[in-house]
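Worksheet: one structure, shown below.
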Amino acid sequence: MDSSRRMKRMGTSVRRMGTSVRQMSTCGQLVLQDRRIAYAITDRYLKVVEVGGAVPEVLIREGVVDEADDGRTPVRYIREGDDHIRRDDPRTWLGRSLPELVPDLVGSEDALADVLAGKLPRLELCWASREPDAGGATYLTMVDLPYRDQQGRIAGIIHIVQDVTDAGLMVRQLVQNRNELRLLRDRLAEQNLELAVANAELRRLDEIKSTFISVAAHELRTPLAPLRGYLEVLLDEEIGHLNDEQREYLAVVEESARRLMALASNLLDVTRIEAGRVELVLRPADLEALVGTAVAEYGPQWEARSQHLTLCAAPDLPPALCDEMRALQIIGNLLSNASKYTPEGGAIRVSLALAQEEGFLQVSVSDSGVGIPPEDQPNVFTRFFRARTAILTRADGAGLGLCIARPLVEQHGGRIWFESEPGQGSTFHVTFPIADRPAPDLSA
Ligand code: ADP
């Protein structure tokens with residue numbers, strides 16, 4: 001039987017085997033052209049009687065595989081011994097036993113017998129992999145189907161081999177990628193764990209530090225209270241007259257005690273804010289009166305520096321909703337900074353008006369001082385940060401005022417921000433929400 005007749009006959013018998021086989025056949029026909037499929041037909045004793053398509057080179061089991069000289073085709077040669085080279089001719093399969101030629105079938109003889117007996121519709125071996133001597137990997141899918149003669153009797157087996165290397169390599173790549181991903185995920189989980197441990201340790205150290213600062217600040221404040229009390233008694237000359245020199249020295253001591261007290265209070269505030277332990281007592285308050293109190297409090301500071309202060313408040317402003325002590329602290333810090341970072345004889349302007357943002361009042365403090373360099377501006381609200389211009393002025397400070405002021409303002413629902421140019425001065429703005437009730441009349 002010539003091969004075209006046999007192909008035709010194979011097509012007929014395959015059609016009889018059902019849909020999946022027909023698909024296989026169609027696929028086989030197509031792939032045959034690409035030389036990616038091969039088949040072998042056996043008789044009932046599994047002896048190969050017909051082969052077709054390109055026998056995949058990976059089926060070659062003997063000798064050494066050599067590349068063809070055109071470098072791109074799958075045409076290979078078997079070298080048997082050193083001098084005898086022959087092409088792997090599919091006809092060498094004829095008359096040989098299928099399991100002998102296809103090692104993957106060894107052990108499946110019973111299943112093959114079932115296919116031959118019509119008890120099993122098909123036997124399928126998927127993703128059989130080969131690693132040819134030339135390197136790389138090849139994947140094959142093999143299907144064994146009953147092969148029927150013209151009367152429809154099972155006459156043998158048709159063994160179809162399809163080279164599915166592309167898909168196989170993709171699957172292998174996918175598996176590899178998945179494994180790499182799993183490794184990365186495990187590594188990430190490990191790092192997250194390490195990070196969590198490191199974070200917990202940092203938190204623990206942070207807590208120790210906060211406790212330390214808090215205890216230290218308390219301990220500093222405790223002896224300062226009687227110290228300041230006795231200083232006041234001395235300065236008020238309650239227990240005797242002071243000469244000018246004594247008065248001058250005691251004033252220096254009092255100023256130092258005041259600064260130490262302020263520093264201790266700021267340190268305590270920082271730890272309280274960090275721990276979320278600051279509670280505001282929000283009440284309607286006359287913000288203009290509060291600004292006036294702050295101005296009066298810091299009056300001696302700019303008078304001593306011959307600075308000129310103007311206060312400008314818009315008329316008929318509504319009350320603000322704020323914690324008076326904290327609002328005073330915030331505004332006081334802005335006023336103190338304006339004075340500290342402005343040279344002697346400079347100008348400071350405080351204004352109070354409705355904010356652009358509806359529902360808020362705005363206090364702005366401008367000065368004609370040293371300003372803040374642009375590169376330092378992002379850090380101004382950071383704990384212990386001091387701009388280089390501040391350090392150059394030798395003004396005292398620990399870089400805590402603004403880092404306390406910002407969370408306090410935000411806790412009120414307001415905002416704090418600034419504009420500054422080195423050598424030209426700065427303007428700090430702070431907003432407080434407007435109260436929906438009038439401020440109580442405290443003068444009554
Ligand atoms: P400090 O105790 O150092 O004044 P603050 O937190 O109040 O701490 O301010 C942080 C830094 O911001 C200051 O050290 C200073 O460098 C800068 N700064 C604040 N206000 C002004 C201002 N009005 N003019 C120039 N620099 C200022």
Side-chain angles (χ1 to χ4, degrees), residues 213 217 220 255-274 278 291 294-295 297-312 325-352 362-412 414-431:
I213 292 179
L220 271 175
E255 171 57 16
S256 300
R258 189 197 60 76
R259 278 170 45 191
L260 207 55
M261 192 70 154
L263 177 64
S265 300
N266 277 347
L267 287 171
L268 272 178
D269 271 349
V270 169
T271 52
R272 281 198 199 113
I273 288 170
E274 276 179 358
V278 173
V291 171
V295 166
E297 192 176 324
Y298 287 93
Q301 189 173 326
W302 54 74
E303 275 161 20
R305 295 169 61 79
S306 312
Q307 289 162 337
H308 181 67
L309 181 123
T310 39
L311 172 58
C312 175
M325 291 306 292
R326 293 301 187 180
L328 206 57
Q329 179 181 358
I330 296 161
I331 299 166
N333 180 245
L334 299 188
L335 289 175
S336 162
N337 281 351
S339 173
K340 274 196 306 188
Y341 303 119
T342 298
E344 291 199 6
I348 297 164
R349 181 186 150 86
V350 184
S351 68
L352 172 63
Q362 181 170 327
V363 180
S364 301
V365 181
S366 307
D367 62 59
S368 58
V370 290
I372 305 167
E375 63 276 20
D376 285 345
Q377 292 187 8
N379 300 316
V380 157
F381 293 101
T382 308
R383 195 171 26 165
F384 300 121
F385 179 82
R386 307 201 72 208
R388 68 206 61 181
T389 37
I391 296 162
L392 287 177
T393 57
R394 293 175 184 271
D396 68 27
L400 290 176
L402 290 177
C403 98
I404 293 169
R406 180 153 77 175
L408 287 179
V409 171
E410 287 170 355
Q411 213 174 326
H412 277 86
R415 281 197 308 131
I416 182 166
W417 74 101
F418 68 94
E419 296 106 32
S420 184
E421 223 176 291
Q424 301 295 312
S426 317
T427 302
F428 279 77
H429 310 274
V430 57
T431 60

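Numbering of residues begins at 1 and proceeds along the displayed sequence. Keep in mind it's a predicted model, so treat the numbers as computed, not measured. When a ligand or atom number is given, it counts from 1 through the structure's own listing order.
- Against a heavy-atom cut-off of under 4.0 Å, Ala390 is close to the following atoms of ligand 1: 14 (O), 15 (C), 16 (O).
- Here the protein heavy atom with the shortest distance to atom 10 (C) of ligand 1 is Phe385 O, 3.6 Å.
- Proximity of Arg388 to Asp376: side-chain heavy atoms (C-beta onward) are separated by under 4.5 Å at one or more points.
- Closest of all the heavy-atom pairs between Thr389 and Gly371 is OG1-O, 2.9 Å.
- Contact check for Leu334 versus Ile416: side-chain heavy atoms found under the 4.5 Å cut-off.
- At distances below 3.5 Å, at least one donor-acceptor pair connects side-chain atoms of Thr393 with backbone N or O atoms of Ala390.
- Any N or O atom pair closer than 3.5 Å counts here, and Arg386 shares at least one such pair with ligand 1.
- The protein heavy atom nearest to atom 23 (N) of ligand 1 is Asp367 OD2, 2.9 Å.
- Using cut-offs of 30° and 60° on the angle between ring planes, the pair Phe428 and Phe381 is perpendicular.
- Using a 4.0 Å heavy-atom cutoff, Ala398 is listed among the residues neighbouring ligand 1.
- In this structure a side-chain-to-backbone donor-acceptor pair under 3.5 Å is present from Thr271 to Leu268.
- Near Ser426, meaning under 4.0 Å from any of its heavy atoms, are these atoms of ligand 1: 22 (C), 24 (N), 25 (C).
- Arg305 places a side-chain N or O within donor-acceptor distance of the main-chain N or O of Ser339, the cut-off being under 3.5 Å.
- No donor-acceptor distance shorter than 3.5 angstrom exists from the side chain of Thr427 to the backbone of Glu419, with no hydrogens or angles considered.
- Side-chain contact between Phe384 and Leu400 is present, with at least one heavy-atom pair separated by less than 4.5 Å.
- In terms of N/O distances under 3.5 Å, ligand 1 is approached by Ala387.
- Looking at atom 7 (O) of ligand 1, its nearest protein heavy atom turns out to be Asn337 ND2, 2.8 Å.
- Residue contacts with ligand 1: Val380 is placed with no nitrogen or oxygen under 3.5 Å of a nitrogen or oxygen of the ligand (distance criterion only).
- When the options Asn266, Ile372, Asp376, Thr382 are ranked by their closest heavy atom to atom 26 (N) of ligand 1, first place goes to Ile372.
- The shortest contact between atom 27 (C) of ligand 1 and any protein heavy atom is with Tyr341 CD1, 3.5 Å.
- Every atom of ligand 1 with a heavy atom of Asn333 under 4.0 Å away is listed here by number and element: 7 (O).
- By the 3.5 Å distance cut-off applied to N or O atoms, Gly397 is not counted among the residues near ligand 1.
- The shortest non-hydrogen separation linking Ala395 to Tyr341 is CB-CE2, 3.7 Å.
- Those atoms of ligand 1 that come under 4.0 Å of a heavy atom in Phe428, given as number and element, are 19 (C), 20 (N), 21 (C), 22 (C), 23 (N).
- Not a single heavy atom of Phe381 sits closer than 4.0 Å to an atom of ligand 1.
- Atom numbering of ligand 1 starts at 1 in the shown order; those under 4.0 Å from a heavy atom of Leu400 are 6 (O), 8 (O).
- At least one N or O atom of Leu402 sits closer than 3.5 Å to an N or O atom of ligand 1.
- The protein heavy-atom contact nearest to atom 8 (O) of ligand 1 is Gly399 CA, 3.2 Å.
- Close to ligand 1: Lys340, with a non-hydrogen atom less than 4.0 angstrom away.
- By the 4.5 Å heavy-atom criterion applied to side chains, Pro373 and Ser420 are not counted as neighbours.
- Of the N and O atoms on the side chains of Asp367 and Gln307, not one donor lies less than 3.5 Å from an acceptor on the other residue.
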